[in-house]
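Naming: A, B, ... by sequence-line order, numbering from 1 per chain.
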Number of protein chains: 2
Amino acid sequence: MSRLLIASIDRFGPLQNDVRDSLNDVAQEVEVIAAGQTIVSPGAPSRLRLLSRGVAFRQHVLAGGGRQILGFATPGDLLDLSGLFTGADHEVRALGPCEIRQISAHEVRLLIRRHPSLLAALCRAVMTEARVQRNWMVGLGRRTALARTANLLCEIYARQAVVAVARDNRCPFPALQSDIADALGLSAVHTHRVLRSLTKSGLATVRDGELVIHDWDGLAALAEFDPEGLRPLHDPRATVPARPAGVADPAMAQAFG
Amino acid sequence: MSRLLIASIDRFGPLQNDVRDSLNDVAQEVEVIAAGQTIVSPGAPSRLRLLSRGVAFRQHVLAGGGRQILGFATPGDLLDLSGLFTGADHEVRALGPCEIRQISAHEVRLLIRRHPSLLAALCRAVMTEARVQRNWMVGLGRRTALARTANLLCEIYARQAVVAVARDNRCPFPALQSDIADALGLSAVHTHRVLRSLTKSGLATVRDGELVIHDWDGLAALAEFDPEGLRPLHDPRATVPARPAGVADPAMAQAFG
DNA sequence: CGACAGTTTGAAGCGGCTCAATCGGGGTGG
DNA sequence: CCACCCCGATTGAGCCGCTTCAAACTGTCG
């Protein structure tokens, strides 16, 4: 029963029924991972891993001991797209407690060989991730600490809204201030002050592992948040209804909510 | 005759002979583009474009008028991977005069349908680009202006060394200081000072549209440059000889040099 | 109760920005 | 052939965002 996996891949271009059937037949391994544990090590043998619960992050550690967080993953995200055909070039860790489902590299290879449309979907997944990365690059290079932080919070919420994990303007986000700092290219101290100012402006609060949005419109405006950058790319031949930002995808919501 | 295109895609996993044959039969349009002109507009209809001569760059322009350069492309690079199945999310422009070769979206679609291994190769090309982006993110977030600049120069040289366009420690790089600034997330003034200090330290010089490396080892050390991050991903089932940084790929060199 | 991890707050310093002026080269029109 | 202009490189001065260092505070766990 890999309802979750099918729904997650389906976002990137409607899968044919025969692909769904094949995916259904594949043995799937479920694993629970504690906060802070490594999910994918750099260079690890490739598999197809789906984050089914929790929040994870990708990071690159520098020689000097510092690190840059390269992105966050929320339920419904595939974790090792960057290393599907080869070893991963970065590390993926659990931010909070996570649950993942994975299928072996061998199975993936068989599936892909049998169903080129699956490969196309995975390819679109990779392109979607690359697009999110570009948005981060813009933020790191050209946005102020405040806008950058606001943007991150918008992204975290919008991602989890799709799978209906975010509700009533709140969603899980078990990050330390130093984690947020390493994601935004800031110091932990300054990150704290920025978060503080966001709270005082009545925009959003990060506390006790939870993100609370007080004023979505205000936050999005400050961030110049573009939800388009998060939308999964799909097969252009198929018509997929566009949803406004922060609104759940029915299929994903049913699977993950 | 699409020798260049075949060699370029071949980097991302050896193509079967039948794929090569098909690529050979495809009509290819050659276009020359003046410096500064747009090659790919955001949302443009997808095609498969190869940069055969010159240097191009990807950029995202901000509401406030600023911009972030997201990456550079050198001969042998595919230009609209991010929009292969859908519209591009960013702009690609010619930095200096460029020559591109392209095949229509329709042709691409046919080729991909007929040859899944081609799709796999393109997928690896996308993943390779995503990896380069991650390296930029690390730089923008966590490296000093000096290291970041050094890193960029290393990347520009190493990319063009593969296709033997870079030789004798020099290669084309027709960027204004303001271009470099927008790539590194710096101001033009500060970029100038950093370049100046690199020159005075005897490491590298950017002048008259050309990059000259005076001390590769010193520059690479300052940059903590990792050539691994640029290496094209290829099919893990195939054995491809690893080449040290800055050394030409024989096939690419023959095609582009 | 102390030990520890993470948050909070203050103060000082620096990297990089902004503003502003000058310099240099290539093109253009007189 | 020269005067002019324009764009980009260059240089200086002052400022601000963010960093670093340091200390106090809070909650949690043994």
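At a threshold of 4.0 angstrom between heavy atoms, the contacts of A:Ala188 with the nucleic acid are absent.
Rounding to whole angstrom units, CZ of residue B:Arg142 and P of C:dG16 are separated by 13 Å. Straight-line distance from the CD1 atom of B:Ile180 to the P atom of D:dG8: 13 Å, rounded to whole Å. Between the P atom of C:dT18 and the CG atom of B:Leu186 lies a distance of 11 Å, rounded to the nearest Å. For A:Leu184 and D:dG17, the CG to P distance is 17 Å, given to the nearest whole Å. Between B:Asp182 atom CG and C:dC17 atom P the separation is 11 Å, expressed in whole Å. C:dT8 atom P lies 12 Å from atom CG of A:Leu176, rounded to whole Å. To the nearest angstrom, C1' of C:dT9 lies 15 Å from CG of A:Leu195. The NE2 atom of A:His190 sits 14 Å away from the P atom of D:dC16 (whole-angstrom rounding).
Using cut-offs of 30° and 60° on the angle between ring planes, the pair B:Phe72 and B:Phe57 is tilted.
Salt bridge A:Arg134/B:Asp89: present, at least one basic N to carboxylate O contact under 4.0 Å. With respect to A:Asp226 and A:Arg231, no salt bridge is recorded, no charged nitrogen being found less than 4.0 Å from a carboxylate O.
The shortest distance between the side-chain N/O atoms of A:Arg196 and the OP1/OP2 oxygens of C:dT9 is below 4.0 Å. Between B:His192 and D:dA9 there is no side-chain polar atom (N or O) within less than 4.0 angstrom of OP1 or OP2.
Minimum atom distance to the side chain of B:Val189 is reached by C:dA20, of the listed D:dT19, C:dA20, D:dC18. When the nucleotides C:dT7, D:dC21, C:dC19 are ranked by their closest atom to the side chain of A:Gln177, C:dT7 comes out on top.
No donor-acceptor pair under 3.5 Å is formed between the side chain of A:Arg143 and the backbone N or O of A:Arg148.
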